[in-house]
Amino acid sequence: MCGATEQGHARNNGAATNLSSDTLVNLDHGDPMIFETYWRNMGDKCTVMIPGYQSLSYFADTENLCWFLEPKLEESIKNLHKVVGNAVVDDHYIVVGTGSSQLIQAALYALAPPDQPKPASIVCAAPYYSCYKEMAEFLRSGLYKWEGDAHTFDKDGPYIEMVTSPNNPDGVCREAVVKKDGGKLVHDLAYYWPQYTPITAPADYDIMLFTVSKCTGHAGSRIGWALVKDKEVAQKMVTFMTISTIGVSKESQQRAAKILEVISNGCKDPKSSNGITDNFFLYGQSILSKRWDKLRNTLKHSQVFSLAKYPIKYCHFTQDFSEAHPAFAWIKAKDSIDDCEKLFRGHKVLTRSGRRFGSDPKYVRVSMVSKEEDFQLFITRLSSIN
Ligand code: PMP
């Protein structure tokens, strides 16, 4: 399953670890443990009490097109996008999902024409998020077919292009690549938050996907949302959710609603306790920028590895110029090394090979959002290969 392969099996989740020289460092997955210190520091601010009589019904709001969407979550999502300025929400329907993973599948179902002799093509520019291929191929659907790299796509007929911006694995901000008639776009904006990249303008696309996994780090709550312009498409996505899981856990939605509300309030009125600002995004940006500085310093004179630079842009949220600090590092090995993942594995660091992203095995993707001790151990091992 995609979730299992993407996230791997995180070692000793949440507990303090004693890392020795032969501990395997798993940076293959994007488990967002980097934010744990922030949330510990928030104490009880996000605690949600759910009495036994609550959440019995399947329904949350029968008046809403997305009838299983908790009104509190809808409100918190809209507020947060307005505070951050990263997406236009007002003329969009909100569809909640069990992670944005479920919404990707719902979007493919909703966009693929049901009455065509051949399946719609699904493409994404390489290097692409490795789960798209896995999701598109898993159930051998007759509705759509994975066709790989959008740069080399030349088939006729309906197609769906996944546009991931900033991109997983390489952190680059992207636009659609295929310029043909009959195409539909899904913008996966999981990382379009100020801790990862400057917010240059509110995104305003037909289908935009977001997830608390990457926004706040609460991947375990499994809450994602889609902002969908077209009513019929939103309706079809809701049908997909109804058939696959009859909605989304209300407990998770209530918790996510609270967390998003606390984040929005922290941005409007930031305080500081134990040296940590309540503004989650500024905190996230500062910790990620320290990690990126450390990584770049370690690789500054490297004879083995290289890293791309990101352009400096003005961020409307921080009101400052900065470069991106992506959730993953996309590291390239020099020409004489054919398999970069194997090289890292030999030094007890698990990464994900460029091959999995439709790219060259000279590249690996390395998580920058792990627990601090894993990141430190990675830097130590990287210095010894350099
Ligand atoms: N899209 C992208 C680009 C991702 O990186 C991820 C998580 N790795 C997802 C979607 C899925 O996230 P989730 O199902 O946890 O919401």
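Numbering of ligands and ligand atoms starts at 1, following listing order.
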(request) Inspect the contact between Arg255 and Glu70 and indicate whether a charged nitrogen and a carboxylate oxygen are less than 4.0 angstrom apart. (result) no

(request) For residues Trp193 and Phe281, establish whether the separation of their ring centroids is below 6.0 Å. (result) yes

(request) Give yes or no for whether the N/O distance cutoff of 3.5 Å, strictly under, is met between Tyr191 and ligand 1. (result) yes

(request) In plain terms, say whether Glu232 and Lys236 are close enough for a salt bridge, that is, a side-chain N and a carboxylate O under 4.0 Å apart. (result) no

(request) Determine which pairs satisfy salt bridge (Lys or Arg N to Asp or Glu O under 4.0 Å) with at least one residue from residues 301-312, sequence neighbours left out, and list them in order. (result) Lys309-Glu323

(request) Provide the closest heavy-atom pair for Val89 versus Lys82 in the form atom of the first, atom of the second, distance. (result) CG2-CE, 4.0 Å

(message) Please confirm whether Gln102 approaches ligand 1 to less than 4.0 Å, judged on its heavy atoms.
(response) no

(message) Give me each pair satisfying salt bridge (Lys or Arg N to Asp or Glu O under 4.0 Å) with a member in residues 260-269, each pair once, sequence neighbours excluded.
(response) Lys72-Glu261, Lys258-Glu261, Asp269-Lys271

(message) Tell me whether Lys214 reaches ligand 1 (any heavy atom closer than 4.0 angstrom to a ligand atom).
(response) yes

(request) Of the side chain and backbone of Ser213, name the one, both, or neither that has a heavy atom under 4.0 Å from an atom of ligand 1. (result) side chain

(request) Using a strict 4.0 Å cut-off to heavy atoms of Thr164, name the atoms of ligand 1 that fall inside it. (result) 3 (C)

(message) Could you tell me, atom by atom, which parts of ligand 1 come under 4.0 Å of a heavy atom of Arg222?
(response) 13 (P), 14 (O), 15 (O)

(request) Check ligand 1 against Ser100 and write out every atom of the ligand that is under 4.0 Å from a heavy-atom position of the residue. (result) 9 (C), 10 (C), 11 (C), 12 (O), 13 (P), 14 (O), 16 (O)

